[in-house]
There are 2 protein chains.
Amino acid sequence: MKLNTKSRYAVMALADMAVFSNQKAVSLRDISLRQGISLLYLEQIFLKLKKNNIVKSVRGINGGYMLVKIPKELKILDILLALDQKVKTIGCKKDSKKSCNGKSTKCITHNFWDELDIHINSFFESKKLSDLLKNKEVRY
Amino acid sequence: MKLNTKSRYAVMALADMAVFSNQKAVSLRDISLRQGISLLYLEQIFLKLKKNNIVKSVRGINGGYMLVKIPKELKILDILLALDQKVKTIGCKKDSKKSCNGKSTKCITHNFWDELDIHINSFFESKKLSDLLKNKEVRY
DNA sequence: ATATACCCGACTAAAATAGTCAAGTTTTTG
DNA sequence: CAAAAACTTGACTATTTTAGTCGGGTATAT
C-alpha cells in the first residue's frame with residue numbers, strides 16, 4: 001500500500017514551488033537541487049503536471065514553471081490524478097477474468113474496498129497544497 | 001496506490017470463513033473453490049494468518065482453519081498486518097540515502113504523509129470482519 | 001493404510017517502478 | 001546573432017515487487 005515516487009515527488013516539487021516562487025517561474029534545476037530529485041525525473045513529472053493544467057511553463061532563460069492555481073485552491077487529489085495515481089486500492093473490474101465477478105460469495109468484500117477508496121479519496125480531496133505549508137517543523 | 005492480492009484474498013477468505021463455518025473448520029479447498037483463489041496461494045496466505053494468530057488450524061481429514069476471534073472482534077487492520085501490509089504510504093526513512101532527510105525544505109511534505117497513514121490506518125482499525133458481512137448485495 | 005488437508009521453503013515469470021538517455025525546441029540576454 | 005538556459009518528448013532499461021507455482025514434507029480421522 002504505497003504511493004509511488006512520482007506522486008510523492010510531484011507533491012514535494014509543487015510544495016517547493018509554492019514556497020520559493022515569488023510570482024516568478026521556478027526552474028526544475030532549482031527544485032532538483034533543493035529537493036534532491038533527479039532533474040530528468042522531474043522533467044517527466046512536470047510534463048504530466050503541465051498536460052493536466054496544474055502548472056504552466058515559461059520557456060527560455062529565466063524560464064521555469066508556475067502554479068496555475070494558488071496553493072489554497074490546489075487539491076492534492078488533482079496532483080495525484082495528473083500522474084494517473086487513481087485511488088483504486090484493488091483492480092476489480094466487473095468483467096475481467098482475473099478478478100471477481102460481483103456475484104454470489106465472490107467479492108463479499110467488494111463494497112468494503114469501495115468504501116476504502118472513498119475514505120482515501122476524500123482525504124486527498126479535502127487537502128490543499130497550502131495545508132502542507134503550515135507545517136511547523138519545516139524550515140525555509 | 002494498490003493493495004496487493006495477498007491482503008485482498010486474505011480478507012476475502014476470512015469473510016468466506018465467517019459465512020460458511022458453523023463452528024467447524026473450513027478447508028482451504030472449499031474456500032479456493034468458492035472464491036476462485038488458487039489453493040497453493042491460499043496456503044501461503046494462511047501460513048501467515050496462522051503465525052499471526054488470526055486463524056488456528058485443524059489437521060487431517062475434515063481439517064481446515066478456524067477463526068481465532070469472532071468476526072465482530074477481528075479488525076481488518078490485524079489481517080493486513082499479518083501479511084506485512086503495513087500502511088506506510090511512502091518509504092521515507094530518516095537516514096536512508098535514497099529518501100529525504102527530514103531537514104530544511106526537503107520533506108516539506110513529511111507530516112502530510114504521516115497524516116495520510118493515520119487516516120488510512122484508522123479506517124482499517126475501525127472496521128471489523130463482521131462489517132463486511134452486512135453487505136446487502138451479497139448472496140450466499 | 002490411506003486419503004485428506006495443513007506445513008514450509010525455494011523458485012520464477014511477468015509486471016511495475018524508478019529512473020536515464022538522446023535529441024530536440026524555444027526564448028532571453030550579451 | 002550566438003549561446004546558454006530551460007522546457008519537450010519518446011524511447012529505453014535495470015531493478016524490484018508481485019503473484020503466484022513447485023516439491024516435498026507432516027499430522028490425523030476413518
Side-chain angles (χ1 to χ4, degrees), chain A residues 1-10 12-13 17 21 24-33 35-52 54-66 80 83-86 88-92 96-100, chain B residues 1-10 12-13 17 21 24-33 35-52 54-66 80 83-86 88-92 96-100:
Chain A
M1 191 81 160
K2 276 208 164 56
L3 207 62
N4 62 21
T5 56
K6 266 181 193 156
S7 299
R8 180 154 66 91
Y9 290 167
M12 278 173 72
M17 286 177 69
S21 105
K24 287 194 296 287
V26 179
S27 73
L28 294 188
R29 196 176 154 278
D30 287 352
I31 297 175
S32 169
L33 291 172
Q35 302 298 329
I37 303 168
S38 145
L39 176 62
L40 292 155
Y41 206 27
L42 276 177
E43 285 181 349
Q44 208 183 101
I45 291 166
F46 272 73
L47 208 63
K48 293 196 174 203
L49 292 175
K50 193 195 172 187
K51 266 181 191 151
N52 286 274
I54 309 287
V55 295
K56 57 191 168 189
S57 64
V58 181
R59 295 188 123 193
I61 280 183
N62 297 324
Y65 288 94
M66 303 184 74
L80 302 189
L83 304 190
D84 323 305
Q85 267 290 301
K86 286 181 211 71
K88 204 81 196 68
T89 47
I90 63 161
C92 195
S96 156
K97 279 166 205 156
K98 291 214 71 180
S99 53
C100 74
Chain B
M1 191 80 160
K2 275 210 163 57
L3 207 62
N4 60 21
T5 57
K6 265 180 192 156
S7 299
R8 180 155 66 92
Y9 290 167
M12 278 173 72
M17 286 176 69
S21 105
K24 289 195 295 285
V26 179
S27 73
L28 294 188
R29 195 177 154 278
D30 287 351
I31 298 175
S32 168
L33 290 172
Q35 302 298 329
I37 303 168
S38 145
L39 177 60
L40 292 155
Y41 206 27
L42 276 176
E43 284 183 349
Q44 207 184 102
I45 292 165
F46 272 74
L47 213 62
K48 293 197 175 201
L49 291 175
K50 195 196 170 187
K51 265 181 192 150
N52 287 273
I54 308 286
V55 295
K56 57 191 169 188
S57 64
V58 180
R59 295 188 122 193
I61 280 183
N62 296 325
Y65 288 94
M66 304 183 75
L80 302 189
L83 304 190
D84 323 306
Q85 265 293 299
K86 286 181 211 71
K88 205 85 196 66
T89 46
I90 62 159
C92 195
S96 156
K97 278 166 206 156
K98 292 213 69 179
S99 53
C100 74

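These numbers come from the heavy atoms of this one structure, side chains and all, not from hydrogens, waters or symmetry mates. Below, chains carry the letters A, B, ... as their sequence lines are ordered, and counting in each starts from 1.
- Remark: B:S57 is not in phosphate contact with C:dC6, judged by side-chain N or O atoms under 4.0 Å from OP1 or OP2.
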Taking only distance into account, with no hydrogens and no angle test, what donor-acceptor pairs under 3.5 Å do side-chain atoms of residues 25-32 of chain A form with protein atoms, sequence neighbours excluded?
from  : atom 1 : to    : atom 2 : distance (Å)
A:S27 : OG     : A:D30 : N      : 3.2
A:S32 : OG     : A:I37 : O      : 2.7

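- One atom, OH of A:Y9, and another, C1' of C:dT17, lie 11 Å apart when rounded to the nearest Å.
- Spacing between atom CG of A:L33 and atom C1' of D:dA6 amounts to 13 Å, rounded to whole angstrom units.
- For B:K6 and D:dG20, the shortest distance from a side-chain N or O to OP1 or OP2 is not below 4.0 Å.
- Separating the CE atom of A:M1 from the P atom of D:dT17 is a distance of 18 Å, rounded to the nearest angstrom.
- Per the geometry, CG belonging to B:L49 stands 14 Å off C1' belonging to C:dC6, to the nearest Å.
- Remark: A:K50 engages no residue in a salt bridge (charged side-chain N to carboxylate O under 4.0 Å, His left out) (not counting sequence neighbours).
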Could you write nucleotides 25-30 of chain D as a row of B, S and -, 5' to 3', where a protein heavy atom under 4.0 Å of any base atom gives B, of only sugar-phosphate atoms gives S, and otherwise -? BBBBBS
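- Rounded to whole angstrom, the span from the CZ atom of A:R8 across to the P atom of C:dT17 amounts to 14 Å.
- Between B:F46 and B:Y65, the ring-plane angle classifies as tilted under the 30° and 60° cut-offs.
- Remark: P of C:dA22 and CD of A:E43 are 14 Å apart, rounded to the nearest angstrom.
- Taken to the nearest 0.5 Å, the CG atom of A:L40 stands 9.0 Å off from the CD atom of A:Q44.
- Nucleotides of DNA chain C nearest to B:K51 and B:R29 differ in position, and the one nearer the 5' end is that of B:R29.
- A:N4 places its CG atom 19 Å from the P atom of C:dA15, with the value rounded to the nearest Å.
- Separating the CG atom in A:L47 from the CG atom in A:L42 is a distance of 12.0 Å, to the nearest 0.5 Å.
- When side chains are defined from C-beta on, A:K48 counts as touching A:D84, because their heavy atoms get closer than 4.5 Å.
- The shortest distance between the side-chain N/O atoms of B:S27 and the OP1/OP2 oxygens of C:dT4 is not below 4.0 Å.
- Contact annotation: B:S38 side-chain N/O to D:dT21 OP1/OP2 distance is under 4.0 Å.
- A:Y65 comes within 4.0 angstrom of sugar-phosphate atoms only, judged by non-hydrogen atoms across all strands, and of no base.
- The CG atom of B:N4 sits 10.5 Å away from the OH atom of B:Y9 when rounded to the nearest 0.5 Å.
- Ranked by how close their nearest DNA chain D nucleotide is to the 5' end, B:Q44 and A:L39 are led by A:L39.
- If you take CG of A:L3 and C1' of C:dA16, they are 14 Å apart, rounded to a whole angstrom.
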